[in-house]
Number of protein chains: 2
Amino acid sequence: MRVSLKDVAAHAGVSIKTVSNVVNNYQHVTPAMRERVQRSIDVLGYRPNLAARHLRKGRTGIIALALPELGNPYFAELAAAVIDAAAEHDYIVLLDHTGGRREQELLVSQGFRARVIDGLILSPIELETDDLRDRAENVPLVLLGEREYDLPYDHIAIDNVAAARAAVRHLTGLGRREVAFIGARRGRSEPAQLRVRGWREELSAAGLPADDGLVAATDGWGHADGAAAMTRILETGRRPDAVFAYNDPMAIGAMRVLHERGLRVPEDIAVVGFDDVVEGRFGAVTLTSVSPDKEAIGRLAVESVLARLGGQAPEPRRVRADHRLVGRESTLGRGAADDGAADDGANV
Amino acid sequence: MRVSLKDVAAHAGVSIKTVSNVVNNYQHVTPAMRERVQRSIDVLGYRPNLAARHLRKGRTGIIALALPELGNPYFAELAAAVIDAAAEHDYIVLLDHTGGRREQELLVSQGFRARVIDGLILSPIELETDDLRDRAENVPLVLLGEREYDLPYDHIAIDNVAAARAAVRHLTGLGRREVAFIGARRGRSEPAQLRVRGWREELSAAGLPADDGLVAATDGWGHADGAAAMTRILETGRRPDAVFAYNDPMAIGAMRVLHERGLRVPEDIAVVGFDDVVEGRFGAVTLTSVSPDKEAIGRLAVESVLARLGGQAPEPRRVRADHRLVGRESTLGRGAADDGAADDGANV
DNA sequence: AGCCGGATATATAACGTTGCAAAACCGGCC
DNA sequence: GGCCGGTTTTGCAACGTTATATATCCGGCT
């Protein structure tokens, strides 16, 4: 069976507590004793039982990360960033995905899915303010992403409005006059709201009409949803000269439809995505995209959760991570320098 | 503070064990009693403490899943499958990524990264047989992926040789005579070995030479690696009429290079990938790919781990998940039916 | 009425760890 | 030699749960 403190103590001929002291680097242990105990630990291959430690101390060393979907490479890359950041603090990440469904998000936020965690990082899609309000759970919660809540939780995100404006400004700066938006969320009002707002604001600022006929709502945020939305817009007979998509997969789905219909990107229609996923750099037409600093988001999220751990409750804060616009062929055409920042104003 | 069994017992005026019995759906509890206790549970908002339960039962309800990298959509999708399969059994998944580095894989396999787990599902890249041999750890281990080990652990994978042969057969069946392989692993011998073997075998079977000059080794398995490998092949002056890539991102990276050089896919060079990630269905040229049954792999992995949980040690087994070849434009050209199985012989 | 046996409820002892308080030790000082 | 103060080690209780064994209940049977 597994070896416990008791076994080590017996082997070394000392008390359990002394072994515990050695394991925990307690200050007042003579070097001789430390060595003797350590030897027994090594011989027996002792490893602390985390469940017992947790029961005693009330900490698990685990934080949960709940994301809408891992299939979206943005979230996968974000997950990697969180895992790495957590590892720096000797924390382990329990990953969950909600499918962006309110029901699942609710379960997660109330701690039903994972009940062994010290803290929770959640990227909500459908969750409403009220859903979070009566959250009896007392594990620290940090929110990620575009949704804004008027609640006392930390929130980490880029400045979505500014990022969306930078994307649209990039398009108008290239002379585009009719910019469609793909990916407003169907049914629910909130999500994508900020990016739609940025789109609207920037068009107004440029003296262009923000035409609702150019906003396509979707059910999801995958390639197929982007393709369907693009198709829908084209079938109304409209021919925008630019498309700004809620995220890269949708932009790529839209580009596929344009390609099928013989419309050239960017000559006929320029396309900008959001998230800067790797995939966008290797298509036949590489994709201009807003690039959030995922690494920073992951790091900030972990730090925020851990800061609230000791039961301390620092003032809830809203943190803005950096972003920048990366211009590629889908707006600049063949020969565009990959990875060049396209717009000075994009950084925040 | 948190409410425990004791509090509920006091509130309901019964013993702790009775409450425990209700919580655990113990058979012999009168409906009246059950209701009474349940009411107290609801009133007080009792929720079992998993650490205590774990300490007592020796189970955590957590399994770890260690993958090379989440950025690769195949692994992200696989992770989603595992999480879902685990949820069916009331298990939670702790996700780790190793970067495909031996050192990290070693740490994971020996349980240093996560010590609260009941079982481990590991997809190794660099780990050698000997690394796993002296694994003192006694948590059940299930291996995933292409590497084969002669060790008493369950191993879940598709038939990589057969799958690779099906891919190559598809190409030769279309009249291609010079099929390059992209993605043999540089430096280490093992990984990709099976797919290379399938490539070699099928070419021989077709009476074609398996020319080592057409095998490109790479350091990683991302888009950029595929692009670099493709570039290298072309720069030797060779003009294969088909490319079989180790995975979809590499195939897509290769296609980007072909596109840049003005080579048409599939007219000049046909391309087949591996893993059937969503991304492959939305490029300017959709990608023919070997499609492993990820859902089955996830499910089988979870079931295998859980089967070994009670300390029972069923005979280690090697499980073959299904796969099929999905033909798309990168081999069949414009107008290819998406999602059609291209080759009857592909299923196993 | 007394007894029996199954169904129901309870008391108690673990699981492995750490915090607290007390005990043992030790060198120096009166 | 006894005492003091600090250092080092120890014993014990507690964290919240479940397994085991035991006590209690109750209807039916002799």
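Letters A, B, ... mirror the listed sequences (proteins, then strands); counts begin at 1. Because the structure is a prediction, the values reported are computed rather than measured.
Side-chain atoms of B/Asn24 do not come within 3.5 Å of backbone N or O of B/Tyr26 as any donor-acceptor pair. Side chain of B/Glu126 to backbone of B/Arg102: a donor-acceptor contact under 3.5 angstrom is found. When atom types are taken as modelled, the side chain of B/Asp7 and the backbone of B/Ser4 share a donor-acceptor pair closer than 3.5 angstrom. Of the possible donor and acceptor atoms, one in the side chain of B/Asp118 sits under 3.5 Å from a partner among the backbone N and O of B/Thr60.
Direction of the helix axis in the helix from C/dA1-D/dT30 to C/dC30-D/dG1 shifts by 80° between the two five-pair termini, rounded to 10°.
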* Chi angles and distances behind the salt bridge (Lys or Arg N to Asp or Glu O under 4.0 Å) call for A/Arg308, A/Asp154 -> CA-CA 10 Å; A/Arg308 298 188 165 275; A/Asp154 285 351; 3.0 Å; yes

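A heavy atom lying under 4.0 Å from DNA chain C marks the following residues of residues 10-17 of chain B, by number: B/Val14, B/Ser15, B/Lys17. Contacts between residues 19-28 of chain B and DNA chain C, defined by a heavy-atom separation below 4.0 Å, involve B/Asn21, B/His28, listed by number.
Going from atom CG of B/Asn49 over to atom P of D/dC15 covers 11 Å, rounded to whole Å. When the P atom of C/dT18 is taken as reference, atom NE2 of A/His54 falls 13 Å away, rounded to whole Å. What separates CZ of A/Arg53 from C1' of C/dT18 is a distance of 9 Å, to the nearest Å. Between the C1' atom of D/dG16 and the CG atom of B/Leu44 lies a distance of 15 Å, rounded to the nearest Å. One can place CG of B/Leu50 at 11 Å from C1' of D/dG16, the figure rounded to the nearest angstrom. C/dG19 atom P lies 12 Å from atom CZ of A/Arg59, rounded to whole Å.
For residues 14-27 of chain B, no residue pair satisfies the salt bridge (charged side-chain N to carboxylate O under 4.0 Å, His left out) rule, not counting sequence neighbours. Applying the side chain to side chain donor-acceptor pair (under 3.5 Å) test to residues at least two apart or on different chains, the pairs with a partner in residues 296-306 of chain A are A/Ser304-A/Arg317.
Phosphate proximity of C/dT8 to B/Thr30: absent, as no side-chain N or O sits under 4.0 Å from OP1 or OP2.
Remark: A/Glu105 does not engage A/Arg147 in a salt bridge, criterion side-chain N to carboxylate O under 4.0 Å.
No side-chain heavy atom of A/Ile117 sits under 4.5 Å from any side-chain heavy atom of A/Ile63. Inter-residue side-chain proximity for A/Val19 and A/Val14 is flagged as met; some heavy-atom pair is nearer than 4.5 Å.
The closest side-chain donor-acceptor pair between B/Asp84 and A/His97 falls under 3.5 angstrom.
Here the side chain of A/Leu5 is nearest to one of C/dT18, D/dT18, D/dT9, namely C/dT18. For B/Met33, counting side-chain heavy atoms from C-beta on, the closest listed nucleotide (D/dT17, C/dT18, C/dA9) is C/dA9.
Remark: A/Asn160 engages A/Arg195 in a side-chain hydrogen bond (donor to acceptor under 3.5 Å, both in side chains) (not counting sequence neighbours).
In terms of position on DNA chain C, the residue among A/Lys6 and A/Lys57 whose nearest nucleotide sits closer to the 5' end is A/Lys6.
A donor-acceptor contact under 3.5 angstrom links the side-chain atoms of B/Arg56 to the base of D/dT18.
B/Thr18 comes within contact range of at least one nucleobase, with a heavy-atom separation under 4.0 Å.
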